Amino acid sequence: MAETSLEQIRSRVDADWNRIVELLKSKIALRSVSAEGITGDHMKRSAQFVADELRKVGVDAKVVQSANPDGTPGAWEVIGSRIVAPGAPTVLLYAHHDVQPVPDPTAWNTDPFVGTEIDGRLYGRGSADDGGGIAIHSGALAALGDELNVNVKVFIEGEEEMGSPSFIPFIEAHRDEFKSDVIIVADSGNWSADIPSLTTSLRGNTCVDVHVKVLDHPVHSGQYGGPILDANTIAAMLISSLYDANGDLAVPGIESQEPVGGLQRDLDESTVRADAGVIDSYTLAGTGSLAARMWTKPSLTVIGFDAHPVEGSFNVISPETTFRLSLRTAPGQRPEQAQEALAGFLESHAPFGAQVRVDRLENGMGWAMDPNAVATKDALEAMREAFGIEPINKGEGGSIPFIPELQRLFPDAQVLVTGPEDPKANAHSPNESISLSGLRHNVETEALLLAKLGR
Ligand code: BES
Ligand code: MN
């Protein structure tokens, strides 16, 4: 059979476009927030919706509940396959159906759970991360229809945003349903809505909770203030001791790396500032290329801090506090190693001998692409054709920790990391959105790529 052409794919995606956008809107309406309970009915409904949608495009899909390593019930996962010929290459399509929470709907300009089109973008929680990934797979399979000439396996995960706790036992229990030659992880993104990218690397991640204590009980801040620093101040000093004067993390044992495969083009500072909404006076921290700082050097974020709210505060010295640090690690460093370096530094640099206790939380490994894989070349060619522009390789600062696990279990599989996001997507933030023109090109690219892989 002749390979399906880009023209054929384009006209089919065109004809299918309303369905693809409606799929995304229905998915957004399902509020599949895994942080509200991975095993919940809302997650089961979301998985069932995805399985129904996959069946519409010829995938024999089912919903399966995973089990955690301790045996307790886990996430609602969607797995399926469409086998066209025993000898054909097999491609595993991955996305996740769970989404991030919406802690403050008033920070949104639209209802986060009603897909709303404004100026060529569809707004809503999970519109990009990772409803977009599901829409890409669905659209690509529909566009190829009966001309599909690779075997397809599908895994749409229900707990990615929670760090995939049951992932390993799940794939071990479903090895055959995962076994494949090429794995397409559609959970990352492009340089911009118009310029496609393969993701060259992802950072790892690790978390610690830090408990700081200076007093047995609160005391009057006027009476005792001076020699006794409050726990929040001690915590602030401890945090700032992790950085050098340039704003680079300076913790021995936490590694840095340069962009994987070399830097084709550095990120443009003014674009980054505008996309992230950086205020004018703020000067960016750290040294080296902006790309290295955002993709391959480590970065630390205080993601939680137990301090008294300003409202209702009074003159007292806080005896103790806890804060949570999220550390993004260089793609090649084992996160446990970086975690130990961080925890050890914190424990041994307590200002004024305050008590510092560190709880070591979850770890996820980073990842780097194999530039020489055949699938990598096919994917870049498909991007070039579908977007009509040369792709630019791009690292990502975010993490998809199960990828190295998949790679470990299927060492011969070629992994491609693609996806619907772009720098304006606001994943995990208010006003998340997906570029509809970008989505269309992503669907065309994946259809073309599957056609190429089946040659
Ligand atoms: N899709 C993101 C990862 C990502 C973010 C890729 C930005 C490319 C650009 C993914 O869903 C995610 O958010 N992962 C978590 C993993 C964590 C829970 C272990 C992350 O990076 O915080
Ligand atoms: Mn995601």
Side-chain angles (χ1 to χ4, degrees), residues 24 27-28 32-35 38 46 50 75 93-101 124-137 155-168 184-193 196-208 260 267 272 275-276 291 294-296 298-301 303-304 324-329 331 335-336 338-339 361-369 393-405 415-429 432-435 438 442:
L24 208 39
K27 174 72 190 68
I28 291 166
S32 41
V33 176
S34 46
I38 290 178
S46 166
V50 172
L93 303 178
Y94 170 92
H96 60 88
H97 69 91
D98 65 322
V99 304
Q100 282 282 321
R125 176 52 91 223
S127 54
D129 187 10
D130 191 22
I134 298 169
I136 292 171
H137 297 325
F155 175 40
I156 311 293
E157 193 190 5
E159 57 173 13
E160 196 279 342
E161 300 292 5
M162 302 297 285
S164 309
S166 70
F167 190 84
I168 294 176
I184 303 178
V185 178
D187 186 24
S188 181
N190 290 314
W191 188 271
S192 68
S197 306
L198 271 183
T199 298
T200 51
S201 66
L202 293 155
R203 285 193 286 201
N205 75 298
T206 177
C207 256
V208 294
V260 171
L267 295 165
V272 169
D275 289 345
M294 288 173 61
W295 304 342
T296 52
S299 81
L300 191 69
T301 307
I303 60 170
R324 178 167 294 176
L325 296 175
S326 162
L327 174 66
R328 299 291 170 161
T329 52
E336 312 76 69
Q339 182 185 61
L361 308 177
E362 69 275 14
N363 290 300
M365 180 63 189
W367 175 81
M369 170 180 100
N393 285 341
K394 181 176 193 286
E396 281 295 353
S399 312
I400 314 182
F402 70 82
I403 295 181
E405 300 296 340
V415 179
L416 300 173
V417 180
T418 65
E421 292 184 28
D422 66 57
K424 299 190 195 314
N426 283 343
H428 295 202
S429 319
E432 177 177 352
S433 70
I434 186 170
S435 155
N442 273 322

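Both counts, for ligands and for their atoms, begin at 1 and track the order of listing. If you're wondering where the values come from, they're calculated on a predicted model, not measured in any experiment. Counting from 1, the numbers follow the sequence of the chain as shown.
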_Check contact between Asp187 and ligand 1, using heavy atoms of the residue and a distance below 4.0 angstrom._
yes
*asked:* Tell me whether Arg203 reaches ligand 1 (any heavy atom closer than 4.0 angstrom to a ligand atom).
replied: no
*asked:* Report whether any nitrogen, oxygen or sulfur of Glu161 sits less than 2.8 Å from the Mn ion (ligand 2) (N, O or S, backbone or side chain).
replied: no
_Which heavy atom of Asp98 sits nearest to which heavy atom of Glu161, and what is that distance?_
OD2-N, 2.8 Å
*asked:* Under a plain distance cut-off of 3.5 Å, with no hydrogens placed, do Thr206 and Asn363 share a side-chain donor-acceptor pair?
replied: yes
*Going by the order shown, which atoms of ligand 1 are within less than 4.0 Å of some heavy atom of His96?*
11 (O)
*Considering just N/O/S atoms, say which atom of Asp187 is closest to the Mn ion (ligand 2).*
OD1
*Identify the protein heavy atom lying closest to atom 11 (O) of ligand 1, giving its residue, its atom name and the separation to 0.1 Å.*
Glu160 OE1, 2.7 Å
*Interfacing atoms of ligand 1 (cut-off 4.0 Å, heavy-atom, Glu421)*: 1 (N), 7 (C), 9 (C)
*Would Arg328 count as a contact of ligand 1 if the rule is a heavy atom under 4.0 Å away?*
yes
_Below 2.8 Å, can you find an N, O or S atom of Asp129 next to the Mn ion (ligand 2)?_
yes
*Using salt bridge (charged side-chain N to carboxylate O under 4.0 Å, His left out) as the criterion, list what pairs up with Glu432, not counting sequence neighbours.*
Arg125
*At a non-hydrogen distance cut-off of under 4.0 Å, which region of Glu161 contacts ligand 1 (side chain, backbone, both, or neither)?*
both
*In the protein, which heavy atom is nearest to atom 3 (C) of ligand 1, and how far is it?*
Ser399 O, 3.6 Å
*Does some side-chain heavy atom of His96 sit less than 4.5 Å from a side-chain heavy atom of Asp129?*
yes
*Report the residues that fulfil side chain to side chain contact (heavy atoms under 4.5 Å, CB included) with Ser326, sequence neighbours left out, ordered by chain and then residue number.*
Cys207, Ile303, Arg328
*If you measure only the distance, is there a donor-acceptor pair under 3.5 Å linking the side chains of Ser32 and Lys27?*
yes
_To check you understand the geometry: which heavy-atom pair defines the closest contact between Leu267 and Trp191, and what is its length?_
CD2-CH2, 3.9 Å
*So, is Glu396 polar-close to ligand 1, with some N/O to N/O distance under 3.5 Å?*
no
*Shortest non-hydrogen contact from Tyr94 toward His137*: O-NE2, 2.7 Å
*asked:* I'd like to know whether ligand 1 has Pro401 as a neighbour, heavy-atom separation below 4.0 Å.
replied: yes
*Can you name the closest pair of heavy atoms from Ile400 and Pro404 and give their distance?*
O-CD, 3.8 Å
*asked:* If I apply the N/O under 3.5 Å rule, does Asn205 come out as touching ligand 1?
replied: no
